[in-house]
Chemist: 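Take this structure, written in structure tokens, and hold onto it; I'll ask about it next.
In what follows, chains are A, B, ... by sequence order, proteins preceding strands, each numbered from 1.
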There are 2 protein chains.
Amino acid sequence: MQDDDALRETFAIFNEIGIVSQLSRAMFEARLPEGAGLPHFSLLNHLIRVEDGRTPLALARAFQVPKNTMTHTISGAVRHGWVELRPHPTDGRSKTVWLTEAGRRFRDDAIAALAPDLAAVIDATDAEGRAVLLERLTELRVFLDGYRDRNGSAS
Amino acid sequence: MQDDDALRETFAIFNEIGIVSQLSRAMFEARLPEGAGLPHFSLLNHLIRVEDGRTPLALARAFQVPKNTMTHTISGAVRHGWVELRPHPTDGRSKTVWLTEAGRRFRDDAIAALAPDLAAVIDATDAEGRAVLLERLTELRVFLDGYRDRNGSAS
DNA sequence: CTCCATTGGTTCAATGTCGAACAAGATAGT
DNA sequence: ACTATCTTGTTCGACATTGAACCAATGGAG
């Protein structure tokens, strides 16, 4: 009985997460220029925050996404001129991903375009609520990530 | 400065939500039989929990999804024999969605197949954390839903 | 009754995501 | 050096999701 309630509650959590994921993605993409998706923005943002010159596989791992998905995202970013690929200096199989000037500009513009929506979310929530939400979400993400490896395949 | 931190934190929240959505979806779909996706399960589950005989549009609204997406999900469920469509009694444009016996069986089996994974999540978290997580997520979902209507289109 | 805007649903094209299979370079064991 | 295996990345096919355009039935204005 109590067990059943916990199952229902947990399922409801994943349900809400799915819906929020959908809605927030739509909200962000509505602010990005034509042809730009959230994956592209996330990629550029990561390359600025962390470092240039990563390999596609390292990026795929950072985003918890299969490597073919990263291939697809990068090829789109290349097509738009936001990043460029250069051969890996020591490993002939691999490549490295580098930001272009246009990529930096796109990312800065996108940050500015997204800020009002984020500010609206901040207005509508309280600081402590956000902190605990992020904490619980991270806990859940870490668990699921390990759980997947425990029961299944690698990236 | 503090504003900037809040922006970063909020963005991180949406980031984690996206990843958890991905991971949980993959976890669930790995337990469902070949050809069955999470949308189909959610649909059948909703039809059992709430009521049979809903129209596709009502279902689309319930899932916060455009109506063509619901068309696609329903047609898949029909193809697998889990639901059937009947004409709407009073509105010639509309249809109604009804569970079949196979649909009920599929849903019951899926619940049983998913329970161990949910139980693992329950084991790895504490009850109070789950409650507050669900609460904050719901708050966020409600806000985003209203925010979308305020700035944009209907379903 | 006749128009015509509205509503419910489908179709089409575009994009994102992912598993499986593949090609090519790197690496370890012999 | 040679071969078997592993790693990196791409290609291909499948499905989910969505906006836009479209069709058919409804229902109100005149």
Chemist: Do B:R93 and C:dT7 share a donor-acceptor pair, side chain to base, under 3.5 Å?
Modeler: yes
Chemist: Report the distance from atom CZ of A:F28 to atom P of D:dT17, rounded to the nearest whole Å.
Modeler: 20 Å
Chemist: Just the rounded figure in Å: distance from P of C:dT10 to NE2 of B:H88.
Modeler: 14 Å
Chemist: Please give, in whole Å, the distance from C:dT15 C1' to A:L43 CG?
Modeler: 16 Å
Chemist: May I ask you to evaluate whether A:K67 reaches the phosphate of C:dC18, defined as a side-chain N or O under 4.0 Å from OP1 or OP2?
Modeler: no
Chemist: Could you tell me whether the side chain of B:R136 reaches within less than 4.5 Å of the side chain of A:R136, counting heavy atoms only?
Modeler: no
Chemist: Using heavy-atom distances to pick each residue's nearest nucleotide on DNA chain D, tell me which of B:G92 and B:M70 is more 5'.
Modeler: B:M70
Chemist: Taking the side chain of A:R25 as its heavy atoms from C-beta onward, which of C:dT17, D:dG9, C:dC18 lies nearest to it?
Modeler: C:dT17
Chemist: My understanding is that only one of A:I111, A:L43, A:L99 makes a side-chain contact (heavy atoms from CB on, under 4.5 Å) with A:I48; could you say which?
Modeler: A:L99
Chemist: Is the closest basic N to carboxylate O distance between A:D4 and A:R8 below 4.0 Å?
Modeler: yes
Chemist: Looking at D:dA16, D:dG9, C:dT11, which one has an atom nearest to any side-chain atom of B:H72?
Modeler: D:dA16
Chemist: State whether A:R61 places a side-chain N or O below 4.0 Å from either non-bridging phosphate oxygen (OP1 or OP2) of D:dG9.
Modeler: no
Chemist: Please state how far atom CD1 in B:I74 lies from atom C1' in C:dG8, giving the value in whole angstrom units.
Modeler: 11 Å
Chemist: From CZ of A:R79 over to P of D:dT10, roughly how many Å is that when rounded to an integer?
Modeler: 14 Å
Chemist: Under 4.0 Å between any heavy atoms, over every strand shown, what does A:S94 touch: base, sugar-phosphate, or nothing? Just pick one.
Modeler: sugar-phosphate
Chemist: Nearest-Å distance, CE (B:M27) to P (C:dT17)?
Modeler: 20 Å
Chemist: Where the side chain of B:T71 is defined as all heavy atoms beyond and including C-beta, which of D:dG9, C:dT10, D:dT18 is the nearest nucleotide?
Modeler: C:dT10
Chemist: Membership question, hydrophobic clusters at under 4.5 Å side-chain separation (ILVMFWY): are A:V132 and A:L134 in the same one?
Modeler: no
Chemist: Looking at every strand, decide which applies to A:S75 at a 4.0 Å heavy-atom threshold: base, sugar-phosphate, or nothing.
Modeler: nothing
Chemist: Pick the nucleotide of DNA chain D nearest each of A:N68 and A:Q22; which residue has the one closer to the 5' end?
Modeler: A:N68
Chemist: Between C1' on D:dT17 and CD1 on A:I19, what's the gap in Å once rounded to a whole number?
Modeler: 15 Å
Chemist: Tell me: CG of B:L32 to P of D:dC15, nearest whole Å?
Modeler: 15 Å
Chemist: Taking the side chain of A:D91 as heavy atoms from C-beta outward, which of C:dT17, D:dT18, C:dA26 is closest to it?
Modeler: C:dA26
Chemist: Quickly, which of A:L57, A:D52, A:V50 forms a side-chain contact (heavy atoms from CB on, under 4.5 Å) with A:R54? Name it, please.
Modeler: A:V50
